[in-house]
Amino acid sequence: MTSNDTIISKTISTDTTPIMTPELLQKYDVSGPRYTSYPTADRFVEAFTEESYKQALEQRRVGGMALPLSIYVHIPFCESLCFFCACNKIVTKHHERSAEYLRYLSKEIDLHVTHLGTGQTISQLHLGGGSPTFFSDDELSELMSMIKRSFVLAPGGEYSIEVDPRTVDENRLAHLASLGFNRLSFGIQDFDPEVQKAVHRIQPAEQVFSLVEAARRLKFDSINADLIYGLPKQTPESFNQTLQKIIELRPNRIALYAYAHLPERFKPQRRIDAYELPAAQAKISMLSDAISSFLNAGYVYVGMDHFALPEDDLAIAKRQGRLHRNFQGYSTQPDCDLIALGVSAIGRVGATYSQNAKTLEEYYDHLNLDHFPVVRGLALSRDDLVRRAVIMAIMCQGELQYESIELAYMIEFKSYFAAELEALQGLEKTGMVMLDENGLQVTDMGWFFVRAVAMQFDRYLQTDRTRAKFSKII
Ligand code: SF4
């Protein structure tokens, strides 16, 4: 056994689960969705049109007015290109493009107000991108004014923004706090200067440390740090140094993602030299080191790449079985309709998902004609709804009582999911799930592969051909 093997065993094994081995890590390193939605976005169809979206909004107006909304705003601009990037973004130094984009966001908000009425309550707001901090302070103020004119921000809601550390200073963070943001998410990825150079994203550790200290002084409720392992020039040793710095930084939440090298799909990744990427075994070492470092430092493994301090709302929600999952990952807020604004943004209203046009030109064209820029989506079938409930219960609670699904959807669970339950027996043998007469439970070890468990219930993932489109779990 190598030292890494020992770490994995110590970290993940419990009295009820078998020892985790590198073989298991390797075996379940299969492609799979992250289940921020079910069905996943690749199942959306163009037959879902603006009309379908309007109907969903009308139905909400009739039936769901009392429930708070969630809003996501996509701001696509970035000043410089990170080579690992797989986001929908536009790299530009022309900041005047923001003003035009804001005008269209305003149109899109107005269209929603026409269909939903004014004064709807929001309990969650997230600004993502791209880099939301590409907007100037004045532009961010204007965006928030637009939102506050049309919606009511509930006290105690989650108001978060993704922050590129290269684009902010303490004054800008103070401005974000004054606008009502109470959560910041810093894109850190890796502190190693060589890695930063290889991915074209230079941001010295000292800069991030001073921003996080400033954010604490400004009393932001929660600070998240995004990390990526599997980047070029990363080694288990260099990544371990980043991990130690992160532990010193002590963000409330950590999101740890595996880099998926898919240059045929994501053009920026063609700038990465594949020979500089760490081998699979090194990636497994980095993952196991990260897991053990964070757990030993007192973090709770929330699920699917996410860690949180025990006193953080996310860790509390996990303990109390109140976790939810949406397009931004795990959340403490109950499932609610998500209005998505901006180019390529994905929303969820009632039993539908919808996505806006992916190019600025098309997005602007729709809005110029006073049309919603929705170009694809999905109206969920009854089977989709049943499976969504099952998959989200697995991803968020790690357990499922068959009876709860039977009562909610009027099915006989064991016959409806006979094939899936049979397939799960393979995972039961590896110690990832425990099955009994009444339900299933994901084990401590299974949490680290929770999407492999959820995938068993995904009707769309019947062929390996489909699976190949998704990133590896590890
Ligand atoms: S990783 Fe973020 S900041 Fe970098 S190019 Fe992509 S969206 Fe922009």
Side-chain angles (χ1 to χ4, degrees), residues 34 36 41 72-95 97-98 101 105 126-136 139-140 143 160-169 172-173 176 183-205 207-208 211-212 223-234 242 246 251 253-272 276-277 305 327-329 340-346 355-356 358-360 363 471:
R34 310 175 72 78
T36 51
Y72 171 72
V73 187
H74 189 81
I75 297 163
F77 306 110
C78 300
E79 265 207 25
S80 94
L81 178 70
C82 310
F83 295 163
F84 55 79
C85 185
C87 303
N88 190 306
K89 80 277 163 200
I90 295 160
V91 179
T92 178
K93 299 236 184 272
H94 293 281
H95 278 261
R97 296 183 74 175
S98 307
Y101 190 70
L105 283 176
H126 183 77
L127 266 57
S131 305
T133 46
F134 182 92
F135 273 11
S136 68
E139 286 161 346
L140 285 166
L143 174 61
S160 59
I161 179 166
E162 291 168 15
V163 172
D164 179 340
R166 298 167 299 174
T167 59
V168 292
D169 56 19
R172 294 210 74 194
L173 294 185
L176 294 175
R183 286 158 196 279
L184 299 178
S185 180
F186 287 99
I188 294 176
Q189 332 308 355
D190 190 306
F191 281 128
D192 188 277
E194 285 303 304
V195 176
Q196 292 191 355
K197 215 157 94 189
V199 298
H200 197 240
R201 186 179 174 122
I202 310 284
Q203 47 185 45
Q207 185 186 8
V208 175
L211 286 172
V212 169
I223 294 162
N224 175 78
D226 281 350
L227 297 181
I228 303 182
Y229 67 97
L231 291 174
K233 296 265 174 90
Q234 262 178 348
T242 290
I246 290 290
R253 299 176 185 179
I254 300 168
L256 172 71
Y257 300 111
Y259 170 62
H261 191 59
L262 301 168
E264 61 293 344
R265 275 182 65 195
F266 305 114
K267 223 169 150 190
Q269 297 184 356
R270 292 178 200 166
R271 314 273 291 266
I272 285 179
E276 291 183 350
L277 293 172
D305 323 318
F327 289 107
Q328 277 73 57
L341 305 169
V343 65
S344 77
I346 301 180
Q355 183 167 28
N356 282 350
K358 285 188 176 175
T359 65
L360 265 191
Y363 172 74
S471 60

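We count ligands from 1, going down the list as the structure has it; atoms in each ligand are counted the same way. Since this is a predicted model, take the numbers as computed values, not measurements.
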Glu162 heavy atom under 4.0 Å from ligand 1:
no

Parallel, tilted or perpendicular: which fits the ring planes of Tyr259 and Phe84, with parallel below 30° and perpendicular above 60°?
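Perpendicular.
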
Quick one: sort the His95 and Phe134 rings into parallel, tilted or perpendicular, breaks at 30° and 60°.
parallel

Ligand-side contact atoms (ligand 1) for residue partner [X], heavy atom cut-off under 4.0 Å:
| X | value |
| --- | --- |
| Ser131 | 3 (S) |
| Gly130 | 7 (S) |
| Phe84 | 1 (S) |

So, do Tyr72 and Phe327 have ring centers that fall under 6.0 Å from each other?
no

Please state which protein non-hydrogen atom is closest to atom 8 (Fe) of ligand 1 and give its distance, to 0.1 Å?
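Here the nearest protein heavy atom works out to Cys78 SG, 2.3 Å.
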
Who's the nearest protein heavy-atom neighbour of atom 6 (Fe) of ligand 1, and how far?
Cys85 SG, 2.3 Å

Which pair of heavy atoms, one from Glu194 and one from Lys233, lies closest together, and at what distance?
OE1-NZ, 4.0 Å

Residue pair Ser344 / His74, side-chain heavy-atom distance below 4.5 Å:
yes

With Leu184, the side chain to side chain contact (heavy atoms under 4.5 Å, CB included) member among Val212, Thr133, Asn224, Leu173
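Among Val212, Thr133, Asn224, Leu173, the one meeting side chain to side chain contact (heavy atoms under 4.5 Å, CB included) with Leu184 is Leu173.
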
For Cys82, which part has a heavy atom under 4.0 Å from ligand 1: side chain, backbone, both, or neither?
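Both backbone and side chain.
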
